[in-house]
Amino acid sequence: MKITLKDGSVKEYAQPMSIYDIAADISEGLARVACAGEIDGKVEDLRTVIDKDCELNIVTASDEAGLRVIRHTASHVLAEAVKRLFPDAKVTIGPAIDEGFYYDFDAEPFSREDLDNLESEMKKIIKEGHKIERFTMPREEAIRFMEEKGEPYKVELIKDLPEDAEISFYDQGGFVDLCAGPHLMSTKSIKAYKLISSSMAYWRGDSNKAQLQRIYGTAFQKKEELAAYLEHLEDIKKRDHNKLGREMELFTTVDVIGQGLPLLLPKGARMVIKMQRWIEDLEDKEWGYVRTKTPLMAKSDLYKISGHWDHYTDGMFVLGDEEKDKEVLALRPMTCPFQYYCYKNTQHSYRDLPIRYGETSTLFRNEDSGEMHGLTRVRQFTISEGHLIVRPDQMVEEFKGCMALAKYCLTTLGVEEDVTYHLSKWDPNNREKYIGEPEVWEETEQHIREILTELKIPFVEDVGEAAFYGPKVDINAKNVYGKEDTMITIQWDALLAEQFDMYYIDQNGDKIRPYIIHRTSMGCYERTLAWLIEKYAGKFPTWLCAEQVRVLPISEKYEEYAEKVRKELAKNDVDVTVDARSEKIGFKIREARLAKVPYMLVVGQQEEEDGTVSVRSRFAGDEGVKPLGDFIDQICKEIRTKEIRKEEVKEEGK
């Protein structure tokens, strides 16, 4: 058989050979660092025997696929350590993930001390250097094998496999785990690892199933790589909006108020207000939107017409019981049905369209407790919601306009490069989840596909992520931990106008159903604030800051001039404060820098006499003495244009 290697060279063998043996034949050094092999592009275990011509690439830790094998093996070592220290724990699954691995256990919660002890036990297992061996069993035998071991979750996994499946296991010195692989040849090949954290998880991601304990870890080939990653994690912790946002007094949560119901404190509220006013003015004055204000709740009748009652009730807060109460209300999870009735209030001609309704909408969604986090996933939130009622012939251009508006908002916020675009499609194998006929779905999905292609926007297609009434573009971003959330959504709806008997009168006097675009221009304000906290590590662009300038008199003698400076700035709509504390000026400057205030204006005798301010900024440090009027012109222009100045100086003490 002929084996074509990555460099194009060919090795010939008269008999079948394992990937490991081929690597050893190439060089002993390669065999020592080999993690897996790619056979015709598919990653396979080193133990895999090749018996026909193929292309083969030996995968090492320098390859992403090789690193995943190291991490997958480390997850099995973790599982063995847990079974040694916590014999009653039940093992479930332990995959490699982008930045490490995790393993879920049916066990009591793990403390940081537990994780440290597990790390020590992993070190022992690795030092023992057990050879890792793969073996298989028929399905029924595998079920009995795991039943005897008292591992019900593994039994369930095996039972989900076809009856004629050969079930693979890996044995590392007596610890056996159900697994498809691939794995390293020995535990001693794991060189650098760390258990990061633990949290609650649901079996198979289903909140109706057992609560498990998930341990996150990571592994690398070299200790230097691990050290660099751990340093990266420390930076992530500093940027985590859930930590930094509280430290900066932007928001808080209170147990007696409830999970997923954050309180925006004055600084956070000020930032959200700025974003809301910007978006409302942008939509209304430049993009032709008209504003509505609709109720926060409605009778169940409304949601039955829209289809939400059948397709979304689990995600709603329902007030009342249909079997007991004459009238059942629900807090709104979206605004679309309300704005449809704004449209229906007046008969419309084809000349009236498009009509673009905008609303700063407070919505309510009954999120699972395990899903809620800081400001990114909450039960009450506010979005820049809008619905465009359009003629079918206007749909494509209006959809492009929504894309352009979203892109403009992302660019202004400085986050355009951080997003990915997704065409969220229906799942034809799950018909009960959706309304409408297949040909409508295929046509509308193709329209969106063509729009994204024409706009030269790279995108991926996600089956099963569409709304129940239509496909959409989801614009997603990852938080500092790598979890992806949807920031902006633009939905194509060719179906709900029928549900609500919406129409316009065309040029022939006939009643025609309009199309609808459901969209957000910036998305959820709370989630966007969380995104910006992490993006800028709290050092926001000046226009967004709740405190844009802090005036620092060098002594109480100059407080009167400091107040004069404050009033002049405030008259020009600059958010400004005065630090009149009896502290040394160096201390005041450090405090302002720690608070991430963009500008500090130091004033003393000379500044008072000359009508100037001594400017220090978060961006460039000492910017020198400037006439007060010149500084006001400078900062007002920066705020008006929403400029994002680059940081040129390090934080105090760095």
Any [X] side-chain heavy atom under 4.5 Å of [Y] side chain:
| X | Y | answer |
| --- | --- | --- |
| M17 | V49 | no |
| T528 | V415 | no |
| T420 | E484 | yes |
| V10 | L5 | no |
| L157 | R204 | yes |
| W426 | R431 | yes |
| L244 | K238 | no |
| K222 | E225 | yes |

Worksheet item: Are Q213 and S198 close enough, and set up right, to give a side-chain hydrogen bond (donor to acceptor under 3.5 Å, both in side chains), and what steps lead you there?
Response: CA-CA 7 Å; Q213 302 303 318; S198 65; 5.7 Å; no

Strictly below 4.0 Å, N to O, side chains only: are [X] and [Y] in salt-bridge contact?
| X | Y | answer |
| --- | --- | --- |
| D45 | R47 | yes |
| D485 | K483 | yes |
| E151 | K83 | yes |
| K472 | D474 | yes |
| K433 | D427 | no |
| D462 | K425 | no |
| E156 | K159 | no |
| E148 | R144 | no |

Practice prompt. Run the numbers on Y421 and N476 for side-chain hydrogen bond (donor to acceptor under 3.5 Å, both in side chains), then give the verdict.
Written response: CA-CA 6 Å; Y421 291 80; N476 295 357; over 6 Å; no

Practice prompt. Name all residues meeting the side chain to side chain donor-acceptor pair (under 3.5 Å) criterion together with R519; count only those two or more places apart in sequence or in a different chain, and write none if there are none.
Written response: E283, Y289

Practice prompt. List in chain and number order the residues that pass side chain to side chain donor-acceptor pair (under 3.5 Å) with K154, two or more places apart in sequence or in another chain; answer none if no residue qualifies.
Written response: Y103, D177

Please confirm whether the ring centroid of [X] lies under 6.0 Å from the ring centroid of [Y].
| X | Y | result |
| --- | --- | --- |
| F86 | F110 | yes |
| F468 | Y434 | no |
| Y193 | F220 | no |

Practice prompt. Report the C-alpha distance between S306 and H308 in whole Å, list the side-chain angles of each, state the deciding distance to 0.1 Å, and finish with yes or no for side-chain hydrogen bond (donor to acceptor under 3.5 Å, both in side chains).
Written response: CA-CA 6 Å; S306 69; H308 289 97; 2.6 Å; yes

Item to complete: Run the numbers on R139 and D164 for salt bridge (Lys or Arg N to Asp or Glu O under 4.0 Å), then give the verdict.
Response: CA-CA 7 Å; R139 180 175 176 273; D164 59 350; over 6 Å; no

Practice prompt. Quick one: do L178 and Y170 satisfy side chain to side chain contact (heavy atoms under 4.5 Å, CB included)? Show the steps, please.
Written response: CA-CA 7 Å; L178 170 73; Y170 283 83; over 6 Å; no

Show me the donor-acceptor pairs within less than 3.5 Å that the side chains of residues 125-133 make with the rest of the protein, sequence neighbours left out.
from: E128; atom 1: OE1; to: R84; atom 2: NH2; distance (Å): 3.0
from: E128; atom 1: OE1; to: H130; atom 2: NE2; distance (Å): 2.8
from: E128; atom 1: OE2; to: R84; atom 2: NH1; distance (Å): 3.3

Fill in: Summary of ring pair (Phe, Tyr, Trp, His ring centres under 6.0 Å) pairs that have at least one residue in residues 58-79, sequence neighbours excluded
H72-H76, H72-H183, H76-H183

Practice prompt. Quick one: which residue pairs count as a ring pair (Phe, Tyr, Trp, His ring centres under 6.0 Å) with a foot in residues 8-31, not counting sequence neighbours?
Written response: none

Item to complete: Decide side chain to side chain contact (heavy atoms under 4.5 Å, CB included) for Y216 and L195; before the verdict, give the C-alpha distance in whole Å, the side-chain angles of both, and the deciding distance to 0.1 Å.
Response: CA-CA 6 Å; Y216 286 99; L195 299 184; over 6 Å; no

Worksheet item: Between the main-chain N or O of I167 and the side-chain N or O of T136, is there a donor-acceptor pair closer than 3.5 Å?
Response: no

Within a 6.0 Å radius of atom [atom1] on [X], are there more than 12 heavy atoms belonging to other residues, nucleotides or ligands?
| X | atom1 | answer |
| --- | --- | --- |
| E439 | CD | yes |
| E113 | CD | no |
| R32 | CZ | no |
| D7 | CG | yes |
| K11 | NZ | yes |
| E231 | CD | no |
| E108 | CD | no |
| D206 | CG | yes |

Fill in: Among L46, D40, T48, the one residue meeting side chain to side chain contact (heavy atoms under 4.5 Å, CB included) with E44
T48

Practice prompt. Starting from the C-alpha separation in whole Å, work towards a yes-or-no answer on side chain to side chain contact (heavy atoms under 4.5 Å, CB included) for L423 and V460.
Written response: CA-CA 6 Å; L423 167 51; V460 297; over 6 Å; no

Acceptor/donor pairs from residues 87-102 side chains to any protein atom, 3.5 angstrom cut, sequence neighbours excluded:
from: K90; atom 1: NZ; to: G150; atom 2: O; distance (Å): 3.0
from: T92; atom 1: OG1; to: D104; atom 2: O; distance (Å): 2.5
from: E99; atom 1: OE1; to: Y229; atom 2: OH; distance (Å): 3.4

Discussion item. Working note: Q446 + E450, criterion side-chain hydrogen bond (donor to acceptor under 3.5 Å, both in side chains); need CA distance, chi angles, decisive distance, verdict.
Written reply: CA-CA 6 Å; Q446 182 59 23; E450 290 172 356; 3.1 Å; yes

